[in-house]
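Presented below is the structure to which this report refers.
Computed over heavy atoms, backbone and side chain alike; hydrogens, waters and symmetry mates excluded. Throughout, protein chains are lettered first and strands after them, A, B, ... in sequence-line order, and every chain is numbered starting at 1.
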Amino acid sequence: MSELIMSLTWGTLYYATPLTLAAMGGVLSEKAGVVNIALEGFILSGAFAGVCAADVTSKYGVIISGLVGILAAIMIGAVLGFLHAFLTQKTRMDHVVSGLGINLLASGATQYLYLHEYPQGLSVTGIPRWMFLVAALVLPFAVQLLLVRTHWGLKLRAVGESREGASMAGVSALPVRFAAVTLSGVLAALGGAYLSLADDHNFSTDVSAGKGYIALAAVIFGKWNPLGAAGGALFFGFFYALQTELQIRHISAHFLGISWTNSFLLDMLPYIMTIVALTSVIGKAVPPADLGKEEATD
Amino acid sequence: MTANTANRGSQNDSQRAIIRSILRPVGAVTVGLLLVAVFIGASGYNVPQAFSALFIGATGLQLVPFKVNMFPLAQSLAQTAPLLFTGAAIAFALRAGLFNIGAQGQMVGGALATAVVGAWEPSLYSPLHIALCLVAGGIAGGLVGALAGLLKAYRHVHEVLSTIMLNYILADAADYLVTNGLKEHNSMAPQTIKIAHTAYLSPFVSGSGLNAGLLLAVAAAIAVALQIKYTALGFRIRAVGENPDAASASGINVPHVLTTTMFISGFLAGLAGAVLVLGLEHRYIKGMTGTYGFDGISVALLGGASSVGVSIAALFFGGLTSGAGYMSLQTNVPDSIAVVVQAAVVLFAGARALPWRRRQNHTLKTNAATIAGAGGDAAGE
Amino acid sequence: MTTHTSRPAIRMSNITRTFPGVVANSSVNLSVAAGSFHAVIGENGAGKSTLLNILFGKYQPDSGTIEIDGDDVTGKLHQPADSIRRGVGLVSQHYSLIPALSILDNLMLGSKSTTPVLSPRAATARAKSLLGDLGIAGIDLRSRAGALSIAAQQKVEIVKALYRDARILLLDEPTAALAPQEADALFQLLAKLKSRGTTIVFVTHKLREVMENSDTVTVLRNGKNAGDFITGATNTDELLAAMLGSRGTLQGTVDSIPVQSENPVPILELQSLCVQNARGVQVVRDIDLLVKRGEIVGIAGVDGSGQNELAEAIVGTLRAASGRILMAGSQMTMQSVAERMRRGIAYIPADRHRSAIVPSFNIAETYLLGHETDRNWGGGAVINWTTAHKRAGEMLQKYDVRGSSRGSVVRLGSLSGGNQQKVIAARALESAPQIIVACQPTRGLDVAATKFIHDALRKAAHEGLGVLLFSLDLDEIFEMSDRIAVMYNGAIAGVLARGEATVARVGLLMTGGMA
């Protein structure tokens, strides 16, 4: 029993790791007023760029190739995050549309490149999982401090609440939002790098499997608070872990003619829990007031 | 501001809007295709060869020597039917300001319900059986849509998030059902039993997937356009989509309109699933719904507000999908390149995505500026 | 009057700024001596706010030069931050404090700092000393800015400007939303600042404030200069003449006195009505009110006293938390907006753009909104657009709506504000109502359109309708109402009949005093 609890705990932590990384990106972006559905695309691109770069540099040894993989994920995340900021802030595209477009781009491009470059698949040594876990444990506190204790964090919260009000206080929204959304791309892409470099040691075209959306749900679940969002990530991580444990242990439960431990049904759990969470949280939680508003030209 | 300049201004505005509504999608498609050229060129394929394969696969037209192949053309049109349904579904919800990302799940629901009703063999008069199947598919999709609508209307759950989650839930639920309760007994494959012959939509070009489903999709697109323009519900949907506060203050039951809109949108997406079952697979097979629901987003964003626009966009993506498959066979270029085109289209045509919401902001802005100047010191009031 | 140094704190020359279709400022000059209290006056639309916003860097002028403290800053004020850095602070009517942030956060936001880390302790000390200096009490720096009253927010705005070392303080119609007593307190505060050398530029259209507080005056009319005056050497008539130009004075626009109904039958009755806002805060408390046939009841009060929520609760867009709403004696409390409208409630919302207009709708569609199932209006399950356009055409005639060369197919948004408002009013008045809930029906309108709307409301009362008029404009309340109910902090502080209402009594009730 205690062994089950242990493996559930570790499972929860490890499943929550990429969710937390992406959710911190989500918090930064949404607190600054930019809806971030693109987390999904950031994760996928980060996963591919990381594993790809690690594969290319594998001949220089494990450490170098791991570092380069991380660096590649950070870079692709920054580029796509910047793109999302540019589209929403400069071309005034609807935030959801921009996010969907980036997700499509990430999905199409990684699929194409993967099939073209690695028709036989690939495998890398990668990076130990605990490194990401440590990052995921520290990051929520760091983001919290950043938001509450620094001038930049105050500016970020201000532009998310009211771009106009911030401007009247002498703070222009654009640089803050660009930085916040770019950083969100980096963090989510690191979540992706965890999936490919540390967890799977390879790439599959559906490696993100909605984790970006679930990370976003964790953000809302945590009421846009970094620690709350991390809690949300743990909550969803637990369901993934539970599903895995039940499958590994061949635990099955039949009731009313339905196999409740069927993998498809267990798969549904995080998504159902997300809807339930959204249903009960929103209405009480107040999102940043300027979230998703299109920009006025001035 | 005098009345004349104001009116002339609005006329110019609308002319400009029309020109923009044509140029933007054309530009988006051009950029998308250029991007593909760069991609496949950079990965070492012969670009002209790939594009000619794409073109032949999409249109059936071979230029040198000139030859028309009915089969690829029919295949493209066959792809168009479900895309038109899902595209129209998403475009319709956009009129109410709702971004229905859930056409995929609604289509899965529709396909599954159609397969169940279609397998029922009461030896009905065939058109009646088909109609029954379509209604079942539509209602199933509609209910999935309405669930997101209810969550939005009464619990303020953003429809984008709820429909994304519902897509995953429906996919898993369908997979569960076709591997358990609804599985064909003596088959290993995750699929339901075949539907009755009375429910078949037979192909126009033999061997192709082109059937009456396309006509149904066109009819649905036309019906949606008429509904928006001429019915009280359509009027309310437009009002809610552009200014829910004004709609509510004038007595419109906004939650009701939101739910109804999502039901109708889901109904259309459900029909996409229905025609796939009735015309193509004649049963529900795991994964058969492909990504038509997601592709519908690109169709709606490219096509914009009008049914004509959505139809053209569906035709384009139908051709692209079918052409990319052909290109992949001929030249080995992975057909996921079609997704890159979609991405480019969304990112470049997407600024037009929610024309109503945008126009509202534009108007408010203009008015604010006008007030700031003419109405003056009441700016921002 | 104080002695001015010769060096002007502000010199704006030949400032021109146009908005699409409108010239807001045309070659405007403004010169303000350092350490003086300078008033900028003019009617609505004279271009006063635009001028201030240019000086604050929010708008950029098309042409003209700007000097601050003798430095040429033309073309250097790209955004408010640029002006703030040069010692300019703006207390605007809107958008300034960020409601969700604490007052302390609002003060620290964007302020100069050498370290990236916030130092709330130092900021608190500085803010407290500023508040103490100015004699402002009762403000908790940790509370959310949105929880403050309008008057308190304004004080915080002034503190915010001083926190950033503002030497030039711009105030844009700061008394518009204040009760008379609160306005007096504001002027005392400004006098204190002036005595310490702060230059004050004050935008208003209230001449009394100008005469009592300013040193010098600039008058704007239609976006142009209409005279500069030394307050001590001019008088109200001269300023009024400059403001209004050849149109003379505003007197004589009232051509009818509100009529008392002979046979007062109650139409609308509120009993212990309580309403909560979206955050669950009780914003309307225990309201009892009666509106009779043929009567105009004016609801006065400082902005944010619960008027909007009360109006919405009556119309049905907000649900009552408790209490009852009766229409002609029978319950209406739980009915939907549509049911209430069928029973005879007509609504002119306070914010036309937010609550009455659908941006892409043309005039006929706007007019049909809310009547889309009524056959007489052309509605029904299938809409008869021919009838709808015919009815809208008749309405354009009857309500003298101008500016549409092509009748009812023109987008409503292309009409002027006054004509848009006429369409909204017509939509309410033509629905054969029992009672009209009119919120700020003339805000931002010119004199002619205001008169038209006022006459229409009076006529409706004449014909036996009840009218509930919500207005922040005390002049409008006094001009129109048979009875005046004053709201304070969500409750009705008192109801005065036309004869017993004076500005002083209403003003006292508006601020929570006893009349």
Side chain / backbone / both / neither for C:Leu109 at chain A, heavy atoms under 4.5 Å: both
Spacing of CZ belonging to A:Arg157 relative to CG belonging to C:Leu101, to within rounding of 0.5 Å: 6.0 Å
A:Leu154 side, atom CG; C:Ile98 side, atom CD1 - distance, nearest 0.5 Å: 8.0 Å
Summary of salt bridge (charged side-chain N to carboxylate O under 4.0 Å, His left out) pairs that have at least one residue in residues 75-85 of chain C, sequence neighbours excluded: C:Asp82-C:Arg85
Atom CE of A:Met273: over 12 foreign heavy atoms under 6.0 Å: yes
Heavy-atom pair of closest approach, residues C:Ser111 and A:His151: O-CE1, 4.1 Å
Contact summary for A:Gly170 and C:Ala81, nearest pair of heavy atoms: O-CB, 3.2 Å
Region of C:Thr115 that comes under 4.5 Å of a non-hydrogen atom in chain A: backbone
Partner residues of C:Arg126 under the salt bridge (charged side-chain N to carboxylate O under 4.0 Å, His left out) criterion, sequence neighbours left out: C:Asp165
Contact summary for C:Gln79 and A:Ser172, nearest pair of heavy atoms: OE1-CB, 3.7 Å
